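Okay, here's the structure, questions in a sec.
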Amino acid sequence: MNLEAWGWTPFFTDQFPPFAQKGYLPARVIRGEKNYFRVICAVGELTVRFAGKLRHRADGRADLPVVGDWVAVEPQPDERGMIHALLERKSSFARNLPGRRKGKGQERIEQQVIAANVDLVLIVSGLDRDFNLRRIERYLTLVGSSGANALIVLNKSDLNENPLHCLEQVEQIAADTPAHLCMAHDPRQLEFLTQYLQPGRTLALLGSSGVGKSTILNSLLGEERQKIGAVSEAVGKGRHTTTHRELFMLPQGGILMDNPGMRELHLWGDEDDLSESFADIEELGASCKFSDCRHRVEPGCAVLAAVTEGGLNEERLASYHKLKDELANLQRRH
Ligand SMILES: Nc1nc2c(ncn2[C@@H]2O[C@H](COP(=O)(O)OP(=O)(O)OP(=O)(O)O)[C@@H](O)[C@H]2O)c(=O)[nH]1
Ligand SMILES: [Mg+2]
Ligand SMILES: [Zn+2]
């Protein structure tokens, strides 16, 4: 097992000496099911449990290992193991799990880390009924706060009469984030991904159920390793075929994480996270009459003027306000 090929870097080596002293091995969490985790390490793949101390020390779920994490593991007989420590993350992709209650009537907001140590997030959309610019803006904002880079993949180009028009619309909202069209069943159409693949680099597929995440993975692997499921004709949505997260080593080099489709995507972060995903609006805002302009009703607002003049899409501004309110609300409660 080559740790580097699985993404091990000096950033993790530097953290490991105290655990090496105890005889633990560095391991990466490659699969997370409801009841068990799998890691890969020098002695192969192990099914692991969390040490009690790790659970006790964890201050909320964010401190417990997730898929993509590097951990210190103690191998045990029968391909089992015990995770004793979680190494610091290079990046983590988190969402807000709202509505959890702690004690009597007290609403608790909780950060749910979805995946860790991802270098590049592939935001996958289907060009069928799934296509939704506002959702892409939401994903871009979330990835912007994660420490990872983003890439937009517009799949199912065969199901859209004008895929190039969709691509143009996406490019207008995506600023510097590259976007590509494809049809996942055809590996030749995924060749654009090779420029993003490199040994030890971790990519993750995110998007709604049914957009073709697992189909993309299978095409890159050249075999049907993940089950894929038909989209419901009645509602045009996927059926949540993939139910766990898992890392796969790609023959082209690089590691790809397949994920379950996301039902709800509540942001986790702060208002500054909009500065990348809505750089156009923030730039316009620099010319508003008031420096604290909220671009809603204020006089001399350059953003509202751009909407009137047609330079800025009204729905994009509404999307900005919605996400900003959501983040402000989160900050207030946190
Ligand atoms: N027409 C067309 N269908 C596609 C394409 N890519 C995937 N599909 C189909 O879309 C359906 C859903 O594909 P999956 O790969 O299971 O989607 P997923 O994103 O992994 O879905 P979940 O695991 O539920 O999150 C399957 O029937 C695929 O065959 C494409 O480019 N064109
Ligand atoms: Mg899937
Ligand atoms: Zn303004």
Side-chain angles (χ1 to χ4, degrees), residues 31-33 67 114-115 121-131 135 139 153-161 163 166-167 180-193 204-221 223-248 256-265 274 278 280-309 311-312 314 316-318 320-321 324:
R31 181 176 170 118
E33 295 265 9
V67 174
I114 298 170
V121 174
L122 276 51
I123 301 171
V124 187
S125 282
L127 292 188
D128 47 5
R129 278 189 274 172
D130 175 73
F131 185 59
R135 185 167 343 98
Y139 272 103
V153 179
L154 302 174
N155 188 34
K156 306 197 186 184
S157 56
D158 56 310
L159 295 185
N160 194 291
E161 285 187 355
C166 298
L167 180 63
H180 297 268
L181 289 169
C182 68
M183 207 191 82
H185 294 281
D186 181 358
R188 283 168 307 176
Q189 294 212 11
L190 297 175
E191 270 169 17
F192 70 90
L193 279 173
L205 294 157
L206 287 187
S208 312
S209 175
V211 296
K213 299 180 296 297
S214 300
T215 309
I216 292 174
L217 174 81
N218 285 342
S219 271
L220 290 171
L221 288 171
E223 55 178 324
E224 303 283 303
R225 289 271 288 283
Q226 283 289 74
K227 216 161 85 180
I228 63 172
V231 167
S232 142
E233 281 187 22
V235 292
K237 292 191 174 151
R239 296 187 160 104
H240 294 276
T241 308
T242 306
T243 53
H244 68 277
R245 301 180 201 288
E246 185 165 355
L247 289 179
F248 294 84
L256 185 59
M257 185 189 298
D258 193 13
N259 286 292
M262 291 215 259
R263 284 197 176 80
E264 44 176 25
L265 195 57
L274 294 173
F278 289 88
D280 52 343
I281 293 182
E282 306 239 318
E283 260 166 48
L284 282 167
S287 315
C288 293
K289 185 172 170 193
F290 300 109
S291 61
D292 61 347
C293 184
R294 294 170 310 131
H295 328 309
R296 289 183 203 257
V297 293
E298 293 82 352
C301 173
V303 175
L304 292 174
V307 171
T308 314
E309 286 155 19
L312 176 69
E314 194 174 352
R316 176 155 171 85
L317 179 59
Y320 171 81
H321 281 145
K324 196 162 176 98

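Scope of the values below: all heavy atoms of this structure, side chains included, with no hydrogens, waters or symmetry mates. Every value quoted in this text rests on a predicted model; they were computed, and no experiment measured them. Each ligand, and each atom within it, is numbered from 1 in the order the structure gives.
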(message) Only heavy atoms of L159, strictly under 4.0 Å: list the atoms of ligand 1 that pass.
(response)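 In order of numbering, the contacting atoms are 1 (N).
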(message) Measuring from non-hydrogen atoms of G238 to any atom of ligand 1, is the shortest distance under 4.0 Å?
(response)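 No.
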(message) At less than 4.0 angstrom from any non-hydrogen atom of G261, what atoms of ligand 1 do you find?
(response)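 Atoms satisfying the 4.0 Å criterion: 25 (O).
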(request) Pull up every protein N/O/S atom sitting under 2.8 Å from the Zn ion (ligand 3), skipping waters. (result)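 Atoms qualifying: C288 SG, C293 SG, H295 ND1, C301 SG.
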(message) Tell me the protein heavy atom at minimum distance from atom 17 (O) of ligand 1, and give that distance in Å.
(response)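 Residue, atom and distance for the closest contact: G212 N, 3.1 Å.
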(request) Flag the pair K213 / L122 as yes when at least one side-chain heavy-atom distance between them is below 4.5 Å, and no otherwise. (result)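 Side-chain contact under 4.5 Å: no.
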(message) If the cut-off is 4.0 Å to any non-hydrogen atom of H240, which atoms of ligand 1 fall inside it?
(response)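 Reading through ligand 1 atom by atom, the close ones are 24 (O).
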(request) Identify the protein heavy atom lying closest to atom 10 (O) of ligand 1, giving its residue, its atom name and the separation to 0.1 Å. (result)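 Looking only at protein heavy atoms, the one closest to atom 10 (O) of ligand 1 is K156 NZ, 3.3 Å.
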(message) With a sphere of 6.0 Å drawn around CD of E314, does it hold more than 12 non-hydrogen atoms of other residues, nucleotides or ligands?
(response)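 No, the 6.0 Å shell around CD holds no more than 12 heavy atoms from other groups.
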(message) Restricting to under 2.8 Å, identify the protein N, O or S atoms around the Mg ion (ligand 2) as residue plus atom.
(response)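 The answer, once waters are left aside, is S214 OG, T242 OG1.
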(message) Does any N or O of ligand 1 fall below 3.5 Å from an N or O anywhere on P260, backbone included?
(response)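 Between P260 and ligand 1, no N or O pair is found under 3.5 Å apart.
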(request) Just need the protein heavy atom nearest to atom 24 (O) of ligand 1, so name the residue and atom and give the distance. (result)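 For atom 24 (O) of ligand 1, the nearest protein heavy atom is S209 OG, 2.6 Å.
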(message) For atom 1 (N) of ligand 1, what is the closest protein heavy atom, and at what distance to 0.1 Å?
(response)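 Sorting protein heavy atoms by distance from atom 1 (N) of ligand 1 puts D158 OD2, 2.8 Å first.
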(request) Take atom CD of E161 as the centre, draw a 6.0 Å sphere, and report whether it contains more than 12 heavy atoms from other residues, nucleotides or ligands. (result)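 It does not: E161 CD has 12 such atoms or fewer within range.
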(request) Distance to 0.1 Å, residue and atom name: give those for the protein heavy atom nearest to atom 6 (N) of ligand 1. (result)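 Looking only at protein heavy atoms, the one closest to atom 6 (N) of ligand 1 is N155 ND2, 3.0 Å.
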(message) Any non-hydrogen side-chain atom of M262 less than 4.5 Å from a side-chain atom of I114?
(response)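 Yes, at least one pair of side-chain atoms sits under 4.5 Å.
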(request) Note the single closest protein heavy atom to atom 7 (C) of ligand 1, along with its residue, its atom name and the distance in Å. (result)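 Ranked first by proximity to atom 7 (C) of ligand 1 is T215 OG1, 3.5 Å.
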(message) Are any of the N/O atoms on D258, whether in the backbone or the side chain, positioned under 3.5 angstrom from an N/O atom of ligand 1?
(response)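 No, there is no polar N/O contact under 3.5 Å.
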(message) I'd like to check which ligand 1 atoms, numbered from 1 as shown, lie under 4.0 Å from a non-hydrogen atom of A230.
(response)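 In order of numbering, the contacting atoms are 27 (O).
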(message) Between ligand 1 and G229, is the shortest N or O to N or O distance under 3.5 Å?
(response)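 Yes, G229 has an N/O under 3.5 Å of an N/O on ligand 1.
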(message) Closer than 4.0 Å to some heavy atom of T241 - which atoms of ligand 1 meet that?
(response)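 Listed by number with element, the hits are 22 (P), 23 (O), 24 (O).
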(message) Does any part of the side chain of C288, heavy atoms only, come nearer than 4.5 Å to the side chain of H295, both counted from C-beta?
(response)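 Answer yes - side chains close enough.
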(message) I need the minimum non-hydrogen distance between A204 and N259, along with the two atoms involved.
(response)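 It is CB-ND2, 4.1 Å.
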(message) A side-chain contact here means heavy atoms from C-beta on lying under 4.5 Å apart; do H244 and V67 qualify?
(response)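 No, too far: nothing below the 4.5 Å cut-off.
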(request) Please lay out, stage by stage, how D280 and R316 fare under the test salt bridge (charged side-chain N to carboxylate O under 4.0 Å, His left out). (result) CA-CA 10 Å; D280 52 343; R316 176 155 171 85; 2.9 Å; yes
(message) As an exercise, identify every atom of ligand 1 less than 4.0 angstrom from a heavy atom of K213.
(response)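 So the answer, numbered in order with elements, is 15 (O), 17 (O), 18 (P), 19 (O), 20 (O), 21 (O), 22 (P), 25 (O).
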(message) So R296 and H321, do their side chains get closer than 4.5 Å, heavy atoms only?
(response)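 Yes; the side chains approach each other to less than 4.5 Å.
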(message) Show the nearest heavy-atom pair for residues R239 and A230, with the distance to one decimal.
(response)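 R239 and A230 have their closest heavy atoms at NH1-O, 3.1 Å.
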(message) Is it the case that ligand 1 has an N or O less than 3.5 angstrom from some N or O of S157?
(response)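 S157 vs ligand 1: no N/O contact under 3.5 Å.
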(message) Is the shortest side-chain heavy-atom distance between L127 and L159 below 4.5 Å?
(response)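 Answer no - side chains too far apart.
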(message) Checking a contact table here: which protein heavy atom is nearest atom 8 (N) of ligand 1, and how many Å away?
(response)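 Atom 8 (N) of ligand 1 sits closest to the protein heavy atom H185 NE2, 3.6 Å.
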(request) Kindly give the heavy-atom pair with the smallest separation between F192 and L181, and that separation in Å. (result)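 Smallest heavy-atom distance, with atoms named: CE2-O, 4.3 Å.
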(message) Does any part of the side chain of T242, heavy atoms only, come nearer than 4.5 Å to the side chain of Q226, both counted from C-beta?
(response)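 Sidechains of T242 and Q226: in contact.
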(request) Specify the protein heavy atom at minimum distance from atom 21 (O) of ligand 1: its residue, its atom name, and the distance to 0.1 Å. (result)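 Protein heavy atom at minimum distance: G210 N, 2.9 Å.
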(message) Do K324 and F278 have side chains that approach each other closer than 4.5 Å (heavy atoms only, starting at C-beta)?
(response)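 No. Closest side-chain heavy atoms not under 4.5 Å.
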